[in-house]
Engineer: 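One structure coming up, written as structure tokens, with questions to follow.
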Amino acid sequence: DQYEPGSTFKVVPFIAALEAGVISPDDTLDCGPGERMLGGCRIRDHRAFGVVSAREAFSHSSNIGAGRIAERAGWVACYRTAQALGFGVPTGIDLAGEAPGFLPHPLQDNWSQRSLVTVAYGQEVSCTGLQMALAYGAIANGGVLMKPLLVKAALDGEGRVVQRFEPQAVRRAMSPETAQTMIRLMRAVVTDGTGRAAEIPWFRPAGKTGTAQIFDQRRNAYAKDEHILSFVGFAPCSNPRILCQVCLLCKGDLHASDVAVPIFTEIIKDLVWILQEGNWDLAAVTKTKNVRVAVPDVRGLEPQAARQALQRLGLITVLEGRGGSVQRVQPQPYRMLKRGAIVHLSLGGEIRRNRVSVPDVCGLSLRRAASLLTEAGLSVGVRGTGWVVRQDLPPGSEVEPGALCVASGSSEASHARLDAVQRREHARLDAVLRRELACQTR
């Protein structure tokens, strides 16, 4: 799905300005009293920053500061930088139903006096989580944008490699020097800014927070009580090994620093053992996973303590339920498992698994259909593009939570396309009628 990213998009104007040579991290920006009027609209910061350095404007996520940076770089540099980072076009991942995102062009009718500034802090633009992750991956890769790679290798029944899939570079999106400067700016977000909860002293991350408002189409305004909270980061910053994006749709007065950032930290901690021992080399990881360990008996422990005990052994935990202590472990304690295996911890007793009703998604866009099916508690499969013409689970049927529902789409069934055809036909008939009336008048 695609969404307005908010402050995670601020890397775009900063990269554009650094590449153009019009800004350095120590340059000062006047962010004023926390408000700025532009084009008849009010642009706000979450607090008054006054005069700060560009580094501080980025680490503390000033909207006004990002807008000032974009104005220095200009719309041509910002637009081309966003394009170079892969925004506005599909990534080409080998999965159906990918959204392209939306990157406004200054020559389009909907470009306003304030568009350059609002795009700089992630409004009026949309992207997918994958596009954003790849853009940050380009920073971590020294400025090179990569094509998404789902499968590293195919193995036969004996575990031998029969085919390898190598990483592919798409383009150089920025200079290595700009990439290093951005890594330092993103590291400052973790040490001094809005991403402090992401800090892992022995595996130092760098990243950026985003607290994005959601546009309400019915009211033609941004909702005040609903946000998309995100954090994109990689670690360790000196030699990036893994990138993770956390993106959450939340209601209420919440911020990414309080919600998304701690989740990022726990995910990275869970993966540290793979990174330290395997170096992501296929043979090394396979060898590491072949080491067998006994499942510890963590019944009665608090969830966090149980997770840490399993984590030290290289086991991955899945928590089920909302209780305050572990009551059941599956597989059972003392069973021998390979490192990297998953252990389910049930909290507070058995989980109630009520059946769920399958929604009717035929006629909807694939992205909207996937969202509704997920909200209903179903697993989603997508085939084709465009609008849903068929779903394999009957609407209204009762199924187990997590059941797979495949939605098949066709661009030929697009409502937008049908509407366009109807409008063209109406316009043609209207023109014919006008000609006939003109002839009768004469």
Side-chain angles (χ1 to χ4, degrees), residues 3-20 22-79 81-82 87 102-127 182 185-186 188-189 192-195 208-216 219-230 253-257:
Y3 62 99
E4 285 194 351
S7 294
T8 52
F9 199 76
K10 289 176 181 174
V11 295
V12 172
F14 273 82
I15 291 171
L18 289 168
E19 287 285 275
V22 297
I23 194 71
S24 72
D26 295 324
D27 287 352
T28 56
L29 302 169
D30 185 4
C31 298
E35 292 187 349
R36 179 189 177 190
M37 293 300 297
L38 184 64
C41 298
R42 194 182 307 276
I43 296 171
R44 293 183 174 88
D45 273 335
H46 54 88
R47 66 177 175 86
F49 288 103
V51 177
V52 294
S53 67
R55 179 185 291 104
E56 292 171 319
F58 186 83
S59 64
H60 294 288
S61 203
S62 167
N63 292 338
I64 296 173
R68 299 286 190 197
I69 293 289
E71 288 173 327
R72 289 196 189 186
W75 71 262
V76 174
C78 289
Y79 183 78
T81 297
F87 293 108
F102 173 69
L103 183 61
H105 192 283
L107 299 182
Q108 291 177 331
D109 293 337
N110 56 357
W111 188 269
S112 69
Q113 183 181 347
R114 61 170 282 179
S115 290
L116 176 60
V117 171
T118 53
V119 167
Y121 57 83
Q123 289 186 355
E124 296 188 36
V125 62
S126 65
C127 68
M182 288 304 303
L185 290 174
M186 293 164 63
V189 172
D192 304 313
T194 55
K208 184 70 185 76
T209 55
T211 301
Q213 295 175 290
I214 296 177
F215 192 78
D216 188 338
R219 297 191 301 111
N220 197 35
Y222 284 95
K224 295 182 179 180
D225 61 344
E226 200 169 23
H227 298 85
I228 292 178
L229 311 179
S230 59
D253 186 20
L254 301 169
H255 297 86
S257 55

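Note that the structure is predicted; figures quoted are calculated from it, not measured.
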Engineer: Of R114, R42, R68, which meets side chain to side chain contact (heavy atoms under 4.5 Å, CB included) against R36?
Structural biologist: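 When R114, R42, R68 are each tested with R36, the side chain to side chain contact (heavy atoms under 4.5 Å, CB included) holds only for R68.
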Engineer: To the nearest 0.5 Å, how far apart are CD1 in I15 and CD1 in I23?
Structural biologist: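 The CD1 atom of I23 is 14.0 Å from CD1 of I15, to the nearest 0.5 Å.
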Engineer: Can you list the steps and then say if M182 with L18 is a side chain to side chain contact (heavy atoms under 4.5 Å, CB included)?
Structural biologist: CA-CA 9 Å; M182 288 304 303; L18 289 168; 3.7 Å; yes
Engineer: Under the side chain to side chain contact (heavy atoms under 4.5 Å, CB included) rule, what do T194 and V189 come out as? Steps first, then yes or no, please.
Structural biologist: CA-CA 6 Å; T194 55; V189 172; 3.8 Å; yes
Engineer: Do P104 and V125 touch side chain to side chain, with heavy atoms closer than 4.5 Å?
Structural biologist: yes
Engineer: Could you tell me whether a side-chain N or O of E226 sits under 3.5 Å from a main-chain N or O of A223, the two making a donor and an acceptor?
Structural biologist: no
Engineer: Has the side chain of E35 got a donor or acceptor atom that lies under 3.5 Å from a matching backbone atom of D45?
Structural biologist: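 Not confirmed, E35 side chain does not pair with D45 backbone.
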Engineer: Just checking, is any N or O donor in the side chain of K10 or S62 under 3.5 Å from an acceptor N or O on the other one?
Structural biologist: no
Engineer: Which atom names give the shortest non-hydrogen contact between W111 and L116, and what distance separates them?
Structural biologist: CZ2-N, 3.6 Å
Engineer: Just to verify, which of L29, V11, I69 counts as forming a side chain to side chain contact (heavy atoms under 4.5 Å, CB included) with F58?
Structural biologist: V11
Engineer: Mind listing the closest non-hydrogen atom pair of I64 and D30 along with its distance?
Structural biologist: CG2-O, 4.4 Å
Engineer: In Å, rounded to the nearest 0.5 Å, how long is the span from OH of Y3 to OG of S126?
Structural biologist: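 That separation rounds to 10.0 Å.
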Engineer: Answer yes or no: is there a donor N or O on one side and an acceptor on the other, between the side chain of N63 and the main chain of R44, under 3.5 Å?
Structural biologist: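 Yes; at least one donor-acceptor contact below 3.5 Å.
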Engineer: Just by distance, with hydrogens left out, do S115 and T118 show a side-chain donor and acceptor under 3.5 Å apart?
Structural biologist: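 Side chains of S115 and T118: no pair found under 3.5 Å.
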Engineer: Check whether R72 reaches the backbone of A17 with its side chain - one donor and one acceptor, N or O, closer than 3.5 Å.
Structural biologist: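 Pair absent, no side-chain N/O of R72 close to backbone of A17.
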Engineer: Could you give the distance from CD (E71) to SG (C78), rounded to the nearest 0.5 Å?
Structural biologist: 9.5 Å
Engineer: From L254 CG over to D225 CG, what is the distance, rounded to the nearest 0.5 angstrom?
Structural biologist: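 Reported value, rounded in 0.5 Å steps: 10.5 Å.
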Engineer: Heavy atoms only: give me the nearest A256-S230 pair and the separation to one decimal.
Structural biologist: CB-O, 3.4 Å
Engineer: Taking atom CG of L103 and atom CZ of F87, what is their separation to the nearest 0.5 Å?
Structural biologist: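 Reported to 0.5 Å precision, the distance equals 8.5 Å.
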Engineer: How close do G122 and F9 get, heavy atom to heavy atom, and via which atoms?
Structural biologist: CA-CB, 3.8 Å
Engineer: For residues W75 and P106, report the shortest heavy-atom separation together with the two atoms involved.
Structural biologist: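 In terms of heavy atoms, the two residues are closest at CE3-CG, 2.8 Å.
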Engineer: Could you check K224 against Q213 for side chain to side chain contact (heavy atoms under 4.5 Å, CB included), going step by step and ending with a plain yes or no?
Structural biologist: CA-CA 7 Å; K224 295 182 179 180; Q213 295 175 290; 5.6 Å; no
Engineer: Determine, using ring centers only, whether H105 and F102 are less than 6.0 Å apart.
Structural biologist: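 Not close enough - the centres of the two rings lie 6.0 Å or further apart.
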Engineer: A side-chain contact here means heavy atoms from C-beta on lying under 4.5 Å apart; do V52 and C31 qualify?
Structural biologist: yes
Engineer: Heavy atoms, side chains only, cut-off 4.5 Å: are I228 and E4 in contact?
Structural biologist: no
Engineer: Just do the side chain to side chain contact (heavy atoms under 4.5 Å, CB included) check on Q123 and Y222 with the steps written out, would you?
Structural biologist: CA-CA 10 Å; Q123 289 186 355; Y222 284 95; 3.5 Å; yes
Engineer: If you measure from CZ on R55 to NE2 on H60, what distance do you get to the nearest 0.5 Å?
Structural biologist: 11.0 Å
Engineer: Look only at the side chain of H255 and the backbone of T209, and say whether a donor-acceptor pair between them is shorter than 3.5 Å.
Structural biologist: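 Absent.
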Engineer: I need the minimum non-hydrogen distance between T8 and G210, along with the two atoms involved.
Structural biologist: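 Looking at all heavy atoms of both residues, the shortest contact is CG2-N, 3.8 Å.
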